[in-house]
Every structure is written in structure tokens, then in C-alpha cells.
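The structure appears below as C-alpha cells.
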Amino acid sequence: MVRQSYTIATLGSHSALQILKGAHDEGFNTLLITTPNRIHFYEQFPFIKKIISVPNFFDYKIIENKIKDKKTFLIPHGSFNAYLSVEGNKKIKIPYFGNKQVLEWETDRQKQRNWLKEADINLPRQFADVEDIYYPVIVKSYGAAGGKGYFYAKNRKDFENKMKKFGTDQFVIQEYIIGNTFYIHYFYSPLTKKLEIMSMDRRYESNVDSLGRIPLTGQEGLKIEPSYVVVGNSPLSLRESLLPEAFAMGERVVATSQKIMKGGGLYGPFCLETVITPDQKFYSIEISCRIVAGTNLFLNGSPYSWLIYDEPMSTGRRIAREIKQAINQNKLSMIID
Ligand code: ATP
């Protein structure tokens, strides 16, 4: 078996368990790179065949130097941008699943908006000038993650009061879309040229998702402010009449990326983070161009992956399957950067 001489590796956090379980199920060797304090935890999982210790995740060179085997594929996940930065991701020489050109389009907020706009995706309005704001808004500091560092303002007075305490001049002011959040997990295969919807989740955010549990009369006078800190995820299915548009949005995003980016555009797993309004329109608040943590709910697959695969198919396993097919078809250069 050709695959057994290949290894799939990732960093020990975020969705590493899902990625390595999927790699193991597809017949690959598995390797985890992690910090000493997490080794004991990850040793509990027999599908992780080798664990390498690094002092931290910030230095791409240390990681690179630890992996000598050229037949190793590195699978990026949400922690890669957070720890290694875009530069670290670009410089690392280990074969990397995904197109690194996408990183710039994803991390530059304006470029990301241009991409999604060109793909005909509805976006919340953004306001450059305080005089132009329509309320309510959400104010987002740059570089925030997991919903930390955001505030909600219902009107100008509220906005001005909160700005005084905000402590950064690097932020965007965005129309607050009132609706239901749906995070749609896609996978695009350059080998089959097909898009798949793998699964969907919503984030469970503290405290905004709990405010409805206390009646307004009980909140009055308490000065509770909504915050958006992710504390969990829950699975969702989408009303079926909305599924064709969810699928079409993913296809448009991929097709546009192929026009505007080098290296074949966006492929592999990605996620459109959307809010659906009562008139059943999707608004995208962000795109993540790799496996997202919400897919961890679906280690055994989801109702959507079950429609395509008669076997459990997580996003982690789908990545390994793509690599396996690329090896078998001699097309690794199409999926490795
Ligand atoms: P990450 O980088 O971890 O994906 P983030 O910190 O960039 O997260 P977002 O995904 O942009 O955060 O937003 C966090 C949460 O804030 C969303 O899940 C949603 O509840 C809320 N939110 C963000 N933008 C809007 C918006 N324009 N309208 C309504 N709610 C929003």
C-alpha cells in the first residue's frame, strides 16, 4: 500500500484529533507535533503513531527541522494562523495541504471583502465614517479571535461611550445583522472539481446566546452587554429550500478564487460564517479557508456527508482521502503547496 509510506502531520491543538483520526482511517502514518504539557493527553489516542515535542508553536523553523521525512504532509488548521502567522505558514517547507496564496486574501479584511463581493455574496455593510453609521453595529478589533474584543452598539451615544473604553484604533464598524448564525463547512476537490457540503454548526457564544433566558424585565438596570466569546459549538441542519443557495455560494466563492488568485484558487476545506435573516438571505461575516473547529462535532460524519459517502466521513478524513487519491493519480502537485 503506497499510503503506508506517507505520513500526515499537524500541530497539537484545534482539530488535530479529527485530522489524525481521519488520516489513520485512510491508512496513513500519523504524526503530532506538540508542546511538552500536552504530550500525555495526546498519548491517550492509539491512532496517533508518533508525537514530537517542540517548545512552542511560534517558530516554523523548529517545526520544520523536526520533520526530516519528505513524505510527510502538514495539515493546517485554525491554530496555524494564530501561532505561526501568515509569514510562518508561507515559509514552512514541509509539503502543506492547501494553496498558500489564499492566506493573503483571507487575512486582509479588505481583500476578503472584495473576493466575497465579486462572488456575489451578501456582506454586512461597513462604515468608514462615524457620520454614516446605521445602527445597530458590531465593532471588531483587528486580530481578534474567537469573538473576543468585539462590542455591540445600538445607537450613536452607546457607540461613543464604548469607543472611549475600547483601547485600540485598529477596528472595523460593521452593520449588525439580526438573524441566525450558520457556519457552513465545505470541501472543494481540485481532483474531481466538485464541491461538497460536509456539515454545519453554530457557535455557542457567551453571553449573547444566553441572554434570552432572562426576561427583559429581569435584565433591566443590570447593564448587561452582549459578548461573543465562543465556548462551544452545536450541530445544525439547514432548511432544505435554503440548501441550493448555500451550495451555490460555495461554488461562487471557489470559482471567483480561481479567477483572482494564483495557484488554482481555494481548495480543500473552508467555511462560510453566515447569518440568515428572516427574509431568508445569507450574509457572510467571514470566510475561513481551512478546517474549522466546528467540524469537530462530526467525527462520524454529518447528515450531509452521509448523503455522499456511505461511511463516516469527517472533514479530517476527507482531507486524507483527497491526499490518498492525489497520490494514486500522481497529482500531488494539485493539492500541495
Ligand atoms: P474567528 O476568527 O475565531 O472565526 P472572530 O473573532 O473573527 O472569530 P467572527 O466570526 O467575525 O469572530 O464573529 C464572532 C461572532 O460575532 C459571530 O459568531 C456572531 O455571533 C457575531 N457577529 C460577528 N459579525 C456580526 C455581524 N455583522 N452581525 C451580527 N453578528 C455578528
Side-chain angles (χ1 to χ4, degrees), residues 13-15 76-86 89 102-103 105-113 115-117 121-128 132-155 158-159 162 166 168 170-186 199-212 224-236 253 269-279 281-297 315:
S13 68
H14 193 268
S15 45
H77 54 54
S79 299
F80 275 60
N81 278 10
Y83 291 114
L84 284 176
S85 80
V86 171
N89 276 270
V102 176
L103 289 166
W105 288 85
E106 182 193 13
T107 50
D108 180 323
R109 281 185 192 253
Q110 194 50 49
K111 280 183 116 171
Q112 186 184 121
R113 275 182 82 82
W115 169 18
L116 297 180
K117 241 189 227 167
I121 305 293
N122 300 320
L123 302 173
R125 278 181 292 183
Q126 249 169 231
F127 307 103
D132 298 335
I133 299 179
Y134 286 84
Y135 292 93
V137 289
I138 182 162
V139 180
K140 306 179 173 187
S141 58
Y142 285 145
K148 274 189 191 153
Y150 289 7
F151 75 76
Y152 168 85
K154 64 178 177 184
N155 55 32
D158 194 22
F159 172 79
K162 288 172 183 165
F166 198 38
T168 173
Q170 300 245 295
F171 57 83
V172 290
I173 308 165
Q174 206 171 75
E175 172 187 15
Y176 190 91
I177 307 288
I178 299 175
N180 295 87
T181 52
F182 265 79
Y183 285 44
I184 308 167
H185 316 142
Y186 301 90
S199 44
M200 292 170 205
D201 79 300
R202 65 176 285 211
R203 288 177 170 191
Y204 201 38
E205 296 171 340
S206 182
N207 60 10
V208 72
D209 287 320
S210 71
L211 294 182
I224 300 170
E225 289 299 336
S227 59
Y228 301 88
V229 178
V230 182
V231 292
N233 303 74
S234 50
L236 282 178
V253 165
F270 67 98
C271 171
L272 276 178
E273 304 179 2
T274 69
V275 182
I276 309 178
T277 50
D279 55 356
K281 276 193 182 153
F282 291 89
Y283 285 81
S284 173
I285 53 180
E286 197 166 75
I287 182 169
S288 294
C289 302
R290 64 191 62 69
I291 186 170
V292 292
T295 60
N296 285 338
L297 287 163
T315 293

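Start at 1 with the first residue, then count along the sequence. Each ligand, and each atom within it, is numbered from 1 in the order the structure gives. Everything numeric here is computed off the predicted structure, so don't read it as measured data.
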Problem - Heteroatom proximity flag, Ser288 to ligand 1, N/O under 3.5 Å - result: no
Exercise for the section: Show which atoms of ligand 1 fall inside a sub-4.0 Å distance from at least one heavy-atom site of Glu286. Expected result: 1 (P), 2 (O), 4 (O), 7 (O), 10 (O), 11 (O)
Practice task
Could you tell me which atoms of ligand 1, counted from 1 in the order shown, lie closer than 4.0 angstrom to a heavy atom of Pro124?
Solution key: 27 (N)
Problem - Atoms in ligand 1 with a heavy atom of Glu175 nearer than 4.0 Å - result: 26 (C), 27 (N), 28 (N)
Exercise for the section: Compute the shortest N/O to N/O distance between Glu205 and ligand 1 and return yes if it is under 3.5 Å, no if not. Expected result: yes
Practice task
Using a strict cut-off of less than 4.0 Å between a Lys/Arg side-chain nitrogen and an Asp/Glu carboxylate oxygen, indicate whether Glu106 and Arg290 qualify as a salt bridge.
Solution key: yes
Practice task
Check each of Gln174, Lys117, Glu286, Glu175 against Leu123 using the side chain to side chain contact (heavy atoms under 4.5 Å, CB included) test, and report the only one that passes.
Solution key: Lys117
Handout entry: Distance-only polar pair, side chains of Ser79 and Ser13, donor-acceptor under 3.5 Å
Key = yes
Problem - Phe159 and Phe151 aromatic ring geometry - parallel, tilted or perpendicular at 30°/60° bounds - result: tilted
Exercise for the section: May I ask you to test the Tyr150-Phe171 pair for a side-chain heavy-atom distance under 4.5 Å? Expected result: no
Practice task
Look at the aromatic rings of His14 and His77 and report parallel, tilted or perpendicular, splitting at 30° and 60°.
Solution key: parallel
Practice task
Only heavy atoms count here, so choose which of Val139, Val292, Thr181, Ile138 is nearest to atom 31 (C) of ligand 1.
Solution key: Ile138
Completion exercise
Of Tyr283, Tyr176, Tyr150, the residue with the heavy atom nearest atom 13 (O) of ligand 1 is Tyr150
Practice task
Using the salt bridge (charged side-chain N to carboxylate O under 4.0 Å, His left out) rule, take Arg203 and Asp209 through it: C-alpha gap first, then chi angles, then the decisive distance, then the call.
Solution key: CA-CA 9 Å; Arg203 288 177 170 191; Asp209 287 320; over 6 Å; no
Handout entry: ligand 1 N/O within reach of Ile177 N/O, cut-off under 3.5 Å
Key = yes
Handout entry: Close-contact set for ligand 1 against Tyr183 heavy atoms, below 4.0 Å
Key = 10 (O), 17 (C), 18 (O)
Handout entry: Test of proximity, Glu273 against ligand 1: N or O pairs below 3.5 Å
Key = yes
Problem - Phe127 and Tyr134 aromatic ring geometry - parallel, tilted or perpendicular at 30°/60° bounds - result: tilted
Exercise for the section: Heavy-atom contacts with Gln174 under 4.0 Å: which atoms of ligand 1 show up? List them by number with element. Expected result: 24 (N), 26 (C), 27 (N)
